[in-house]
Peer 1: 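Before anything else, here's the structure in question.
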Amino acid sequence: MSVIGQMFPYSATTGALTVRVAPHFLPDQSDPDRGYFVWAYHVRVENHGEASVRLMARHWLITDGDGRVEEVAGDGVVGVQPLIPPGGAYDYVSGCPLATRHGRMEGRYKMMAEDGTRFSIDIPAFVLEVPGDRPAVH
C-alpha cells in the first residue's frame, strides 16, 4: 500500500478526479456519557486531468449507528469553492458529531470544468467509529 493509501484509507475515483478521506475520532471533543461523539475527517481532492476544475458544492449523507440519516448540502467546502489545477490537489479538514458510537458518511461533490460544464464526483463511503469498537453501520 502506498504512503497516500496509508494516510487516506478511503478513496473513490470519478474520471480524472480522486477523492481521498481519512476520518479520526476526537475523544477530547466527545462526551460519551451524554451520547456525543465527534470525528474529524481530512479530505483530499486530486486532479489527475489536463484542465483545472472548481469544487462548487457538496452533498453528504450521514448515517448514525441507529440508522438515522442526515443530509447536508451546500456551496463549496469549509467556506470556499477551490480551483484545483491539473496535477494539483485541494485538502481540507471538517468534522461530524453523532449521537452514537459509530456511523458512516458518503456523498458527492458538484464540480465545474474550465468550459463551464458541471458534473458530479463520488466521495467514498467511510466509517466513523470509536477506536476499539466494532462498527454496526457499513
Side-chain angles (χ1 to χ4, degrees):
M1 179 180 280
S2 72
V3 171
I4 293 291
Q6 291 173 357
M7 290 174 52
F8 296 94
Y10 301 94
S11 68
T13 299
T14 307
L17 300 172
T18 297
V19 179
R20 301 182 189 278
V21 182
H24 300 282
F25 179 63
L26 301 175
D28 57 323
Q29 294 184 28
S30 299
D31 188 348
D33 293 337
R34 293 185 177 200
Y36 187 74
F37 304 87
V38 181
W39 289 264
Y41 54 92
H42 179 172
V43 177
R44 170 175 287 166
V45 182
E46 301 171 352
N47 182 357
H48 300 287
E50 297 180 7
S52 295
V53 295
R54 186 173 299 277
L55 194 161
M56 300 300 294
R58 69 197 181 284
H59 181 248
W60 288 101
L61 294 175
I62 304 166
T63 306
D64 73 11
D66 294 330
R68 290 182 297 256
V69 178
E70 180 182 356
E71 282 191 69
V72 176
D75 291 340
V77 290
V78 294
V80 297
Q81 293 177 315
L83 182 68
I84 307 168
Y90 180 76
D91 287 79
Y92 74 94
V93 176
S94 192
C96 178
L98 290 179
T100 59
R101 297 179 66 83
H102 29 75
R104 101 185 229 134
M105 292 179 67
E106 60 190 305
R108 297 183 64 76
Y109 291 128
K110 295 202 182 299
M111 309 295 290
M112 186 170 65
E114 284 182 337
D115 66 3
T117 303
R118 293 182 182 251
F119 60 98
S120 294
I121 64 172
D122 294 327
I123 302 168
F126 57 95
V127 175
L128 304 171
E129 61 186 334
V130 174
D133 281 3
R134 292 191 170 258
V137 176
H138 289 285

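This structure is a prediction, so every number in the text was calculated from the model and none was measured.
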Peer 1: Suppose we screen for side-chain contact (heavy atoms from CB on, under 4.5 Å). Which residues come up paired with Ala125, at least two apart in sequence or across chains?
Peer 2: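 Applying side-chain contact (heavy atoms from CB on, under 4.5 Å) to Ala125 gives Arg104, Glu106.
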
Peer 1: For His48, which residues count as a side-chain hydrogen bond (donor to acceptor under 3.5 Å, both in side chains) partner, sequence neighbours excluded?
Peer 2: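 Testing His48 for side-chain hydrogen bond (donor to acceptor under 3.5 Å, both in side chains), a comparison that skips the adjacent residues, returns Glu46.
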
Peer 1: Quick one: list whatever passes side-chain hydrogen bond (donor to acceptor under 3.5 Å, both in side chains) with Glu71, sequence neighbours left out.
Peer 2: His59

Peer 1: Residues in side-chain contact (heavy atoms from CB on, under 4.5 Å) with Arg101, at least two apart?
Peer 2: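 Result, side-chain contact (heavy atoms from CB on, under 4.5 Å) vs Arg101: Pro32, Phe37, Val130, Asp133.
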
Peer 1: Can you name the closest pair of heavy atoms from Val21 and Tyr41 and give their distance?
Peer 2: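 Heavy atoms of Val21 and Tyr41 come nearest at CG1-CB, 4.2 Å.
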
Peer 1: If you round to the nearest 0.5 Å, how far is CE of Met105 from CZ of Phe126?
Peer 2: 4.0 Å

Peer 1: So which atom in Pro23 and which in Leu128 form the shortest heavy-atom distance, rounded to 0.1 Å?
Peer 2: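 Result for this residue pair: CB-CD2, 3.9 Å.
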
Peer 1: I'd like a table of donor-acceptor pairs (distance under 3.5 Å, sequence neighbours excluded) in which one partner is a side-chain atom from residues 81-95, with atom names and distances.
Peer 2:
from  : atom 1 : to     : atom 2 : distance (Å)
Gln81 : NE2    : Met56  : O      : 2.8
Asp91 : OD1    : Arg44  : NE     : 3.1
Asp91 : OD2    : His42  : NE2    : 2.7
Asp91 : OD2    : Arg44  : NE     : 3.0
Asp91 : OD2    : Arg44  : NH2    : 3.3
Tyr92 : OH     : Tyr109 : OH     : 2.4

Peer 1: Run the salt bridge (Lys or Arg N to Asp or Glu O under 4.0 Å) test against Arg68 and tell me which residues pass, sequence neighbours left out.
Peer 2: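 Partners of Arg68 under the salt bridge (Lys or Arg N to Asp or Glu O under 4.0 Å) test: Asp64, Asp66.
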
Peer 1: Would you please name every residue forming a salt bridge (Lys or Arg N to Asp or Glu O under 4.0 Å) with Asp122, sequence neighbours left out?
Peer 2: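 Testing Asp122 for salt bridge (Lys or Arg N to Asp or Glu O under 4.0 Å), a comparison that skips the adjacent residues, returns Arg108.
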
Peer 1: Quick check: closest heavy atoms across Ile62 and Cys96, and the distance to 0.1 Å?
Peer 2: CG2-SG, 3.8 Å

Peer 1: Mind checking what makes salt bridge (Lys or Arg N to Asp or Glu O under 4.0 Å) contact with Arg58, not counting sequence neighbours?
Peer 2: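 Not a single residue meets the salt bridge (Lys or Arg N to Asp or Glu O under 4.0 Å) criterion with Arg58.
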
Peer 1: For Pro97, give me all partners under side-chain contact (heavy atoms from CB on, under 4.5 Å), at least two apart in sequence or on another chain.
Peer 2: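 Testing Pro97 for side-chain contact (heavy atoms from CB on, under 4.5 Å), a comparison that skips the adjacent residues, returns Tyr36, Val38.
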
Peer 1: Quick test of your reading: applying salt bridge (Lys or Arg N to Asp or Glu O under 4.0 Å), list the pairs with at least one residue in residues 28-40, sequence neighbours left out, ordered by first then second residue.
Peer 2: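 Listed once each, the pairs are Asp31-Arg34.
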
Peer 1: Checking Ser11 now: which residues fulfil side-chain contact (heavy atoms from CB on, under 4.5 Å) with it, not counting sequence neighbours?
Peer 2: Thr18, Arg20

